[in-house]
Amino acid sequence: MTKTAVKHIVKINTEMCKGCGLCVAYCTKKMLLESEHLNKAGYHYAEPGDMDLCSGCMICTLVCPEVVIEVYDDDE
Amino acid sequence: MTKTAVKHIVKINTEMCKGCGLCVAYCTKKMLLESEHLNKAGYHYAEPGDMDLCSGCMICTLVCPEVVIEVYDDDE
Amino acid sequence: MTMNKVFISGNHAFAESAIRAGYHCYFGYPITPQNELGEYMADHMRKEGRVFIQSESETAAINMVIGAAATGVRAMTSSSSPGVSLKQEGISFLAGFELPAVIVNVMRGGPGLGNIAPAQGDYFQATRGGGHGDYRTPVFAPASVQEIADLTYHAFDVADRYRTPVMMLSDGMMGQMKEPVIFPEKIESLPAKEWALGGRGDGPSRYLCSLILDAMEMERHNWKLVRKYNEIEKNETRFEEYMIDDAEIVVIAYGTTARIAKGAIKRVRKDGVRAGMIRPITLWPFPKKVLNELASRIKRFVVFEMSTGQMLEDVQIALEGKADIIFHGRPGGVVPTPVEFARIIYREYQKTAKS
Amino acid sequence: MTMNKVFISGNHAFAESAIRAGYHCYFGYPITPQNELGEYMADHMRKEGRVFIQSESETAAINMVIGAAATGVRAMTSSSSPGVSLKQEGISFLAGFELPAVIVNVMRGGPGLGNIAPAQGDYFQATRGGGHGDYRTPVFAPASVQEIADLTYHAFDVADRYRTPVMMLSDGMMGQMKEPVIFPEKIESLPAKEWALGGRGDGPSRYLCSLILDAMEMERHNWKLVRKYNEIEKNETRFEEYMIDDAEIVVIAYGTTARIAKGAIKRVRKDGVRAGMIRPITLWPFPKKVLNELASRIKRFVVFEMSTGQMLEDVQIALEGKADIIFHGRPGGVVPTPVEFARIIYREYQKTAKS
Amino acid sequence: MKIKNPWPKYYKKDVVTHYCPGCGHGIVHRIVAEVLEELDLGKRTICVNPAGCAVLAYLYFDFDVIESAHGRGTAIATGVKRSRPDLFVFTYQGDGDLSAIGTAETIHSANRGENITVIFINNAVYGMTGGQLAPTTLINMKTTTTPLGRDPKYDGYPLHITDVVAQFPGVVYAERVACDGPAGIRKTKKAITNAFQTQVDGLGYSIVEVLSPCPTNWKMTPVDSFKWVTETMMKEFPTGVLTDKRSKKK
Amino acid sequence: MKIKNPWPKYYKKDVVTHYCPGCGHGIVHRIVAEVLEELDLGKRTICVNPAGCAVLAYLYFDFDVIESAHGRGTAIATGVKRSRPDLFVFTYQGDGDLSAIGTAETIHSANRGENITVIFINNAVYGMTGGQLAPTTLINMKTTTTPLGRDPKYDGYPLHITDVVAQFPGVVYAERVACDGPAGIRKTKKAITNAFQTQVDGLGYSIVEVLSPCPTNWKMTPVDSFKWVTETMMKEFPTGVLTDKRSKKK
Amino acid sequence: MLLKLLIAGSGGQGVLTMGNVLGNAAMLDDYFVTFLPSYGAAMRGGTANCTLCISDEEVASPVASTPDMLVAMNQPSLMAFISRLEAGGQLLYNADLVDDVPERHDVDLFGVPVNRVGRELGSERAANMVMLGALVKMTKIIKIETVFKSIEMMMGSKKKLAESSMKALQAGYDGFPFS
Amino acid sequence: MLLKLLIAGSGGQGVLTMGNVLGNAAMLDDYFVTFLPSYGAAMRGGTANCTLCISDEEVASPVASTPDMLVAMNQPSLMAFISRLEAGGQLLYNADLVDDVPERHDVDLFGVPVNRVGRELGSERAANMVMLGALVKMTKIIKIETVFKSIEMMMGSKKKLAESSMKALQAGYDGFPFS
Ligand SMILES: Cc1ncc(C[n+]2csc(CCOP(=O)(O)OP(=O)(O)O)c2C)c(N)n1
Ligand SMILES: Cc1ncc(C[n+]2csc(CCOP(=O)(O)OP(=O)(O)O)c2C)c(N)n1
Ligand code: SF4
Ligand code: SF4
Ligand code: SF4
Ligand code: SF4
Ligand code: SF4
Ligand code: SF4
Ligand SMILES: [Mg+2]
Ligand SMILES: [Mg+2]
């Protein structure tokens, strides 16, 4: 898979994530993954995989019910 | 106005009549009249005029809210 | 004075007095014997740029009142017995929210559809917070059209001061009859309520809710309400003493029955019967103290109600068994006569004499 | 015996026992903490060719009950505090119609939305006919899941015998907790009710109504109801005496608080504290007589409620000031502990000793 | 001498109704009684009375009747019919009763497709309580609570509740008719016959809305009231069959 | 490093909601907060919370909120708006709240054309109380009170309340959308924007029905729930604009 | 002094107006006064009636189970209430609509041809004011001037109505007792 | 004798089933027993817990503010409830999902690798029954046979589930104390 021009950084507040898996399912680049670890609340939280794949399409933030995903333009 | 073949007799229970005037207004032969007398309840009750005019069409009984009109075939 | 006296019905007096109290919103649903109240509002409120809505039901009306009260304006609804039953959930919410509102109940005969004649059968519902949960509402019981005007005006102040729904408990006779009335001054503007919701503006967001999932917190809220109710008992209890000083037998009655009892007392006094009356003007808080004190010297109390005996229980609680209580009730819409009451008072007075 | 014992929740016990009482129709609307009751009905009623309807509201549910009861079948509805407030108009109609029905209230914290924890804040509403007009409804207060089963079964008989709505007053803890229960026999067929409406057939037409426009007639109806209520007071008052014989201090509590109080009494008895309890099983009619009689020898009564003090008033009325009453309430969903109650009893007992 | 209009079997004789002169209730009462007789239903009928001017209908109807709390008629009818499906059950309700306070019960009994019949008397006002605004009151129409006429901005628009429920799959027959003269009264009888038959055939919910004169609160003569129904009320509430799913359901 | 999705101004930060994983409420909450920010309404907004899973929404919304008794939201909103027409007022209600116990309030606030907005979360069940039948439950759908599936004969049919009110003259904007994936969520935001703007322009009643997943009571994964909305729920409840009278009213 | 007055007639006859005008006048003369109408939809188009209690001290009950005076505007209302009339009391009846007056020797009976007088004055609708005039004359408690003022207050807005009412009032006052 | 037992875990771990099975068994052994679940939508997908009170006399309160025994199926529930554990009480925790056990020297701590054991038996879903077996062994109040009967009664309809449950129960019973 080719890498995108502008780089993006995806931050997920894993402690507040409820592991619903929606971002994982809808990530246009399939780069978000479900962790096999549980957070304190007992959920398999989501975590970014290969950040370079991120296109910054914001779909993940659109579907996240918990508003725990932040996407940044990595401008340097 | 020509008289009808079969004769009819119209009886109105004037004491229970409320003088609404519907039968008078809708009588197809305009033969029902509003009395200038009041009944005990204080209404100008309806009363038949020239019975011979009655066609037995039953319109009066249809519109009477108090069900106080009776129409008979005068068979003799 | 005569000049600003008006000959007006109880239902209209409720309405006119509320308008003079500066209230902004009326929400209600028609029901006899209080239709004239809403009709008066329909005539006057919109003209004055205020709000009149005939709601789809009493349930909707009380909830509209909640919404209006939440914004800090004075709001009111009115109904009669069956309709007031439908407001009980809403009244419980008002109490939980601690929102001020005035609710008028022009009582009629019950239970069920009953009839449209005057009765006093909703006393329990009014004085014990007919809705669910631990709460009380101040209840005013006017005995004349003038008092309807005065107490309605006052009710809005009490509602605001304590942030509580207030009930005006009247009956079909009071609502329908006309008497001369002098109305209080019209209030043009009211102080703002700092707790009212009006959008967060530049401040922090706020919410009004009665939901308190944590039991401990809920309990704190319940006891807070109780403290408030104790305050109200301390400050707002009202009653009228009538010919008490030399009384040997005391009548307890409110509203319609009280004014009839007055007539009865006048009559028996002519025959030297030393009768007096305590007329509760607030049914809750109930004038317990004065009754209990009286009981130290008076051994016979007569309770008159147009019901099968409801205020009776408050009298029993107040007197703590210190005196005999005779109850005479006429439920179902029957309006007793002064002669009838006089006969009872006379009979019971004889007994006192004997004993 | 073990064999027909089942480990079941209070909510399910209400339902199963009603089914065994041969009732035909359930109408209700979901509300925590009694959802399992309706869900049990949904599971069982249609299977048995009976009627289960989840109505659009509590208001609709109680009116569906009226319709079903009018045809003579046994009918029931259930809810929790806010939902029961919405049924008050309908309950008043049931009383006016003189129709039998069973209404379950699994109480929660209030007022308003409050919370879903166990509470006893609807006592006034239940025992004083929360709706409008002069009426009462028998109120049963089970203190164990077994008693839920027994009293629900019994409630249908009382409802039919006196043609009156009957209230089952419980709380979230009772509804949710499971205990071993032995259920009464299932009733297969019930006697016909001659007053029930079923079409005129070849007889005269009949009607059921609570509207009585003539005040005199309405009054007659009101007093007829009172005579019935007196009968109920005479025959149906129920209470449990617990360690009363040698008691020097007596606890009064019902339902959840009563079972907790029992634990407390057991504890203090270990320290030689002569405590006992009167547990009202019917809240209306309230066991006035026994309390009043006890007051001649017992000078200190402790009232425990999960409210800010409602049954308290019935105790005051019953004791007529003959004894001291100490009230300890935990409203809002807090479930008190035996230790907590024991401390109160102990403290008050010391005072008795002193005085 | 033979009588041409024998007394309706299920209507009480020699009782003076409490209705005002020319009130539509009396006419519809008679029709209901006639149809129950023609379909031979009177013996197994339970009627649910409203709170409204017809609250006393049980004094005139000669079949079993139960009263209802204001607006709850169809909930009560649901309870009756569900416990005794063999009975013939209908409600008789006014516009305030059915389309204001009873809205939820009306909508949901219809949506459940209860096998009951609703006779809906639309006189555009609250008759019994003295002529207040009803959901059905026409725009600009004066009532005691709209002294300047109904203003849609404040009071909303005339509510067409029958058209609403007619769209529900569970509502098998719905018709609006007008009690505005001989023809309208005949149509009314036909509609009520169809509605009752729908229940008898076990097909589901049926409702007949009758535009009915209230001379007293309209402040018109009975004759003018009839005319007003035809000329004014029917403009807002056109008569006709609103749904007829009988063939589909059979 | 610039953030592409700054935190919505009117949504409380660092608060864990009580919603189940994948619940639609969370998504719609966020959208509402975003639109209030974009239309700069947050400062003069009063939201009426329901009794339902969203009963605690006031813990998440960062604008003024008043709770309502179950089903009475639009009555309360009416009281708020009528006393303070300058405020922006919307209700947030579930299907049980709005279309069962609240039916009368919904119908009549809509018919009065109250200048308020209704956000209607249709998840086809009673979420908060544990998954009972709702008026919107699909035919044959299993719930805790329809263990064998919703049977129209007993339980009635799925109620299309938004379609009903959309026909009222006082209802200016009504749209049904689905929270079933990125596209649906974008449409949802657009619809809510239109509805809010309708009120801002003083045109009258607006309502947005959101088909919203309830994974817990549907007993599905959040992802399957999204699919189920698209593939099953939308068959019964097609999305789209149900009425748009904005041009007429202007 | 306590005067209990019952005015009865059929819906359209304006008996409530009579009561209101007189009650308002009593107020203007500084009496204690209560007015209680029959109410409710119970008997549509049937009889209407109202009770007035006029006194120089607080009025206990506005209800008059046994009135001192009865004004009957038509036959049915006369029949309905005459039996309740206090012994020694007075009955005023509409001579034009009442043709048989039941025997009661313990009360004074006065017939007033109010419809006729009204008609002669050109408005039969003012018949009630004719009766009111007669009543005022008979009771001798409230000054006729005050009643004029009262009419002024209550119908002031409707000039024509007020005038014809006053004319009728005067006629009834002057004409009483009619023979 | 009065044993107060609190079983806590996350929604899906079947803690209510544990309580039900044990409570039902206690009944079969003719004990007085109460079972009180946490209820309400208040905390969706959060922790679930239930309280069991087993006694040879009537149980006053089904609430256990200070349980004698605590069963914690995961870390959060351990954290939530350990402080409430009665001094001298016992704690059973799921060793597979709990990695730090807060210091409490006044109670006995037993770790049980229920997920592992369950997995080994081929059904991790039966982990709760492994824990129940250990619990029964430790409490020594209710006969294991009765617990089997109880499972039979409550899952009888679902043969497979019942069997795997019983296997797991036995394993937990035999394995306890795990070291
Ligand atoms: C709960 C309740 N609210 C209000 C009333 C008063 N009430 C009785 S009938 C009625 C409305 C009557 O209008 P409608 O239903 O149109 O019947 P109509 O008299 O016009 O035939 C009202 C408001 C009541 N009896 N009960
Ligand atoms: C008067 C009353 N009845 C019932 C309830 C219980 N209750 C709370 S929310 C609710 C229904 C929730 O379903 P819905 O409105 O669809 O909202 P959701 O939880 O699905 O979002 C019920 C029945 C209540 N709080 N008050
Ligand atoms: S922004 Fe788009 S590509 Fe990047 S993680 Fe989110 S969904 Fe995936
Ligand atoms: S969508 Fe949000 S809550 Fe769901 S898994 Fe992704 S980050 Fe977590
Ligand atoms: S039957 Fe016809 S013609 Fe004869 S009176 Fe009646 S309406 Fe007139
Ligand atoms: S229609 Fe009937 S009530 Fe009306 S006037 Fe004719 S007879 Fe009398
Ligand atoms: S008020 Fe209207 S509806 Fe009622 S009886 Fe009179 S005319 Fe008929
Ligand atoms: S139950 Fe359904 S609606 Fe409620 S929070 Fe959970 S998923 Fe959301
Ligand atoms: Mg009407
Ligand atoms: Mg829902």
Side-chain angles (χ1 to χ4, degrees), chain D residues 23-27 29 45-46 49-77 86-94 96-97 99 101 131-132 196-213, chain E residues 9-12 18 33 36 41-52 55-89 91 101-112 114 116 128:
Chain D
Y23 96 124
H24 189 69
C25 298
Y26 175 89
F27 307 101
Y29 189 81
M45 295 296 276
R46 285 180 192 169
R50 307 191 195 189
V51 177
F52 164 86
I53 293 186
Q54 183 180 310
S55 57
E56 59 270 31
S57 70
E58 291 86 354
T59 311
I62 192 70
N63 283 283
M64 291 174 183
V65 165
I66 289 174
T71 70
V73 303
R74 288 184 160 183
M76 169 175 175
T77 185
L86 291 172
K87 294 180 192 287
Q88 292 306 323
E89 184 202 29
I91 295 171
S92 175
F93 271 78
L94 280 164
F97 284 136
L99 283 177
H132 58 284
L197 296 183
R200 62 174 291 181
D202 300 319
S205 65
R206 298 184 302 176
Y207 57 82
L208 261 178
C209 72
S210 67
L211 178 81
I212 306 179
L213 284 172
Chain E
K9 186 168 162 197
Y10 295 112
Y11 206 55
K12 289 178 183 158
H18 67 291
L36 286 175
L41 293 171
K43 292 181 174 187
R44 58 184 181 94
T45 291
I46 292 186
C47 167
V48 182
N49 271 7
V55 69
L56 290 169
Y58 59 82
L59 297 177
Y60 318 131
F61 288 149
D62 209 1
F63 39 83
D64 283 4
V65 173
I66 177 172
E67 153 200 294
S68 66
H70 187 37
R72 317 305 175 190
T74 52
I76 291 181
T78 297
V80 173
K81 189 71 178 188
R82 293 282 181 143
S83 52
R84 287 290 307 276
D86 56 314
L87 296 178
F88 179 82
V89 182
T91 68
I101 192 169
T103 304
E105 289 75 10
T106 301
I107 295 278
H108 287 275
S109 57
N111 186 56
R112 283 193 307 269
E114 296 292 341
I116 58 173
M128 156 155 256

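Side chains are part of it too, since the values below use all heavy atoms of this structure and drop only hydrogens, waters and symmetry mates.
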Compare all side-chain heavy atoms of E89(D) with those of R72(E) and state whether any distance is below 4.5 angstrom.
yes
Who among S55(D), A60(D), A61(D), S57(D) has the most heavy-atom pairs with chain E under 4.5 Å?
A60(D)
For T91(E), check side chain to side chain donor-acceptor pair (under 3.5 Å) against everything at least two apart and list the hits.
Q93(E)
Between N63(D) and A69(E), what is the shortest heavy-atom contact and its length?
OD1-CB, 4.1 Å
Between T74(E), V65(E), L59(E), who has the most heavy-atom pairs with chain D when the cutoff is under 4.5 Å?
V65(E)
Can you measure from CD (E56(D)) to OG1 (T78(E)) and round to the nearest 0.5 angstrom?
7.5 Å
Separation of T45(E) OG1 from L197(D) CG (nearest 0.5 Å)
12.0 Å
Can you run down the ring pair (Phe, Tyr, Trp, His ring centres under 6.0 Å) pairs that involve residues 64-83 of chain E, sequence neighbours left out, and say none if there aren't any?
Y29(C)-H70(E)
Correct closest heavy-atom pair for I66(E) and A70(D) would be CD1-CB, 3.6 Å
Tell me, do E67(E) and F93(D) make a side-chain contact under 4.5 Å, heavy atoms counted?
yes
Under a 4.5 Å heavy-atom cutoff, which of G42(E), A77(E), G71(E), A75(E) has the most pairs with chain D?
A75(E)
Residue pair S205(D) / D62(E), side-chain donor-acceptor N/O under 3.5 Å:
yes
Look up atom NZ in K43(E) and atom CG in D202(D), then write down how far apart they are to the nearest 0.5 Å.
4.0 Å
Toward chain D: residues of residues 79-86 of chain E with heavy atoms under 4.5 Å:
G79(E), V80(E), R82(E), S83(E), R84(E)
In this structure, CD of E105(E) is separated from OG1 of T59(D) (nearest 0.5 Å) by 6.5 Å
Chain E contact via I53(D) - side chain, backbone, both or neither, heavy atoms under 4.5 Å
side chain
Name the region of C25(D), side chain, backbone, both or neither, that has any atom closer than 4.5 Å to a heavy atom of chain E.
side chain
For the residue pair R200(D) and Y10(E), establish whether any side-chain heavy-atom pair is separated by less than 4.5 Å.
yes
Whatever's closer than 4.5 Å to a heavy atom in chain E on S210(D) counts as both
Across all chains, not counting sequence neighbours, the side chain to side chain donor-acceptor pair (under 3.5 Å) partners of T106(E) are none
I need the L211(D) CG to N49(E) CG distance, nearest 0.5 Å.
9.5 Å
